[in-house]
Peer 1: 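Once you've had a glance at the structure underneath, I'll fire off some questions.
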Amino acid sequence: MRAKTVHNPKKGKSVIYWMRMADLRIHDNRALSRASVLAQEDSIPLIILFIICPQDYLAHGVGARRIDFMLRNLRSLKESFFSLNIPFLATTQAKMRGIPSFVLSFCEQYGANTLFANIEYEVDELRRDIKVCESAFPKGIQVIFEHDKCIIEPGILLTKQGKPYTVYSPYQRSWLSVLNNNVAHHLEECSSPKANDESIKSSELLVPIFDSTVPFAVEGFELADWDQIRMRESWPEGEVTATQILERFLTTKKRSSQLGAVDPLSHGSENCPKFSRIAKYASDRDQIGSDTTSRLSPYLASGVISVRECARATMQLSETCMDTDKSSGIKRWMQEIAWRDFYINILASFPRVCMGCPYLEKFSDVVWENSRSYDNVEVEAENVQKWKTGMTGVPIVDAAMRCIKTMGWVHNRARMIAAMYLSKDLMIDWRVGEKYFMEVLVDGDFASNNGGWQWCASTGTDPCPYFRIFNPHTQSLKADPSGNFIHHWVPELRKVRGPDLHDPSSALADKLGYPRPIILHSEARERALRRYKNPGNM
Ligand code: FAD
């Protein structure tokens with residue numbers, strides 16, 4: 001149990017845990033756990049504060065679907081905290097700038113001498129938290145930050161030269177070895193918070209917090225009704241749901257029917273660890289048209305489930321019923337979790353990636369079609385629109401983009417194909433795509449999204465080399481050999497079978513009312529090679 005005692009020079013009247021956007025859970029939450037331990041030791045109430053800040057969401061391009069998911073989880077948390085007599089306040093602060101002083105006055109109002117929070121690694125958030133610490137110190141308020149988001153926190157793994165890793169493979173090897181050397185420490189489960197004394201529900205000071213509600217929408221981030229319904233069905237909120245999704249991934253077979261869009265809870269009822277989706281993950285994970293991955297990303301991005309819980313359950317499975325073969329699905333899945341840590345580590349080590357800069361500065365001057373100042377601008381805006389709406393004339397790209405637009409999620413391989421198509425075939429600045437993904441994804445996460453985009457555009461750490469340019473048609477044949485994914489999302493092509501489905505001729509496209517491709521891949525490839533080879537030149 002992670003229950004370090006906090007040196008508490010001056011016992012306060014309460015302890016405050018400041019919950020943030022990416023730690024929306026009660027269980028296995030480091031800052032919350034420590035706050036509760038202190039509250040119990042000092043026999044004082046624990047209070048939870050959550051600050052909704054629209055300006056912050058705007059500044060970071062967070063989309064309405066992620067905000068809706070956050071609010072739904074907050075409402076569910078409020079109920080859980082209520083049953084533990086823990087007051088939970090979700091309050092709105094219009095401006096990010098005002099947050100430090102608000103937090104400090106909240107601590108003073110409730111007589112808290114200790115404030116706990118989990119670290120957010122983005123630059124603006126770190127600056128905000130430094131301000132909180134600076135203002136808290138003279139007031140005698142202790143601020144305690146915990147690393148909670150990663151399995152191995154940023155800054156721990158360094159190369160032989162003492163530098164942060166910028167290449168994934170050696171990072172992943174070091175990650176796995178450090179984890180395996182001390183699994184108990186890295187995956188240690190935190191104690192869950194204990195209930196406050198029953199009497200606090202009638203405390204005059206706290207009644208307003210108990211009575212407060214979590215809003216249903218944040219101004220400027222409202223979802224259309226149809227979207228709200230779809231999101232609620234596809235991505236139900238709550239910790240219990242997240243744990244069930246994990247369980248099903250670890251123990252049940254994939255669905256026999258293979259639609260691209262599925263409710264993560266509505267499939268795979270057969271309990272069969274040996275043939276579970278994780279057991280088949282190494283071989284099947286790149287199959288877009290079938291239900292092969294966990295679909296946990298919205299829950300991990302918002303911290304509705306702890307990444308340690310996912311890793312513990314997975315590693316336990318490997319001890320109990322799976323072989324430990326190197327290529328096993330378990331190992332492969334853990335490597336994906338390592339990708340998540342890797343990109344958070346990059347974000348924390350190289351803050352410039354938070355500021356819209358390519359990690360590889362030599363590619364700052366690549367000429368993008370949408371940054372050229374000549375008469376082509378409108379055509380490029382139209383191409384971006386075609387990409388966003390799934391009307392590029394490349395079936396796999398269109399299926400991916402329609403799936404994202406409808407579901408707020410799509411399979412990793414589909415994200416890669418669509419991202420590489422935008423940045424290398426259409427030569428549109430990858431930041432346009434990065435921003436759009438953040439707007440529409442329910443799992444929008446700055447570190448993974450930025451990392452994914454910079455990998456595809458070959459501008460990031462450990463990028464694919466610039467001359468590796470996916471041919472979307474051959475990618476499509478490999479990732480969706482049955483054509484199920486395209487058939488589902490591109491109904492215009494539902495009757496087309498075989499290779500034509502992946503690369504329809506202009507005559508076939510015209511006949512079926514499907515768009516012709518914006519650009520020929522072979523031509524696009526030559527243009528991309530030219531521009532990347534000599535950044536700054538056409
Ligand atoms: P699984 O295959 O079951 O993997 C388990 C978990 O590992 C995921 O939930 C995720 O947390 C992590 N993971 C898997 N692959 C990656 C990866 N390549 N990079 C980082 N973490 C990974 N992921 C996000 O969570 N949010 C994003 O905003 C996001 N944007 C992306 C943008 C692009 C252009 C690309 C190429 C990838 C992006 N990813 C993002 C990574 C990845 O596509 C998703 O995490 C994955 O598709 C989620 O599905 P899953 O939960 O079924 O994954």
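When a ligand or atom number is given, it counts from 1 through the structure's own listing order.
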Peer 1: Given Y168, F249, W409, which one has a non-hydrogen atom that is nearest to atom 49 (O) of ligand 1?
Peer 2: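 Ranked by closest heavy atom to atom 49 (O) of ligand 1, first place is W409.
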Peer 1: Which of the atoms of ligand 1 are close to Y281, meaning less than 4.0 Å from one of its heavy atoms?
Peer 2: 1 (P), 2 (O), 4 (O)
Peer 1: If we only count N/O pairs under 3.5 Å, is H411 in contact with ligand 1?
Peer 2: no
Peer 1: Just to be sure I'm reading this right: ignoring hydrogens, which of V440, N412, T293, L300 gets closest to atom 41 (C) of ligand 1? Compare them by their nearest heavy atoms.
Peer 2: N412
Peer 1: List the atom pairs, with distances to 0.1 Å, where a side-chain N or O of residues 465-472 and a protein N or O form a donor-acceptor pair under 3.5 Å, not counting sequence neighbours.
Peer 2:
residue	atom	partner	partner atom	Å
N471	OD1	H473	N	2.8
N471	OD1	T474	N	3.4

Peer 1: If the cut-off is 4.0 Å to any non-hydrogen atom of G444, which atoms of ligand 1 fall inside it?
Peer 2: 28 (O)
Peer 1: Check each atom of ligand 1 against the heavy atoms of R295 and keep those under 4.0 Å away; list them by number with element.
Peer 2: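 What qualifies from ligand 1 is 50 (P), 51 (O), 52 (O).
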Peer 1: For the aromatic rings, using the six-membered ring if either is Trp, is the centroid distance between F69 and Y299 under 6.0 Å?
Peer 2: yes
Peer 1: List ligand 1 atoms under 4.0 Å from W333, heavy atoms only on the residue side.
Peer 2: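 Matching atoms, with element in brackets: 1 (P), 3 (O), 4 (O), 5 (C).
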Peer 1: Scan S458, P535, S364 and name whichever one has a side chain to side chain contact (heavy atoms under 4.5 Å, CB included) with P358.
Peer 2: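 Among S458, P535, S364, the one that satisfies the side chain to side chain contact (heavy atoms under 4.5 Å, CB included) with P358 is S364.
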Peer 1: Using ring centroids (six-membered ring only for Trp), state whether F249 and W333 fall under 6.0 Å.
Peer 2: yes
Peer 1: For Y421, give me all partners under side chain to side chain donor-acceptor pair (under 3.5 Å), at least two apart in sequence or on another chain.
Peer 2: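 Not a single residue meets the side chain to side chain donor-acceptor pair (under 3.5 Å) criterion with Y421.
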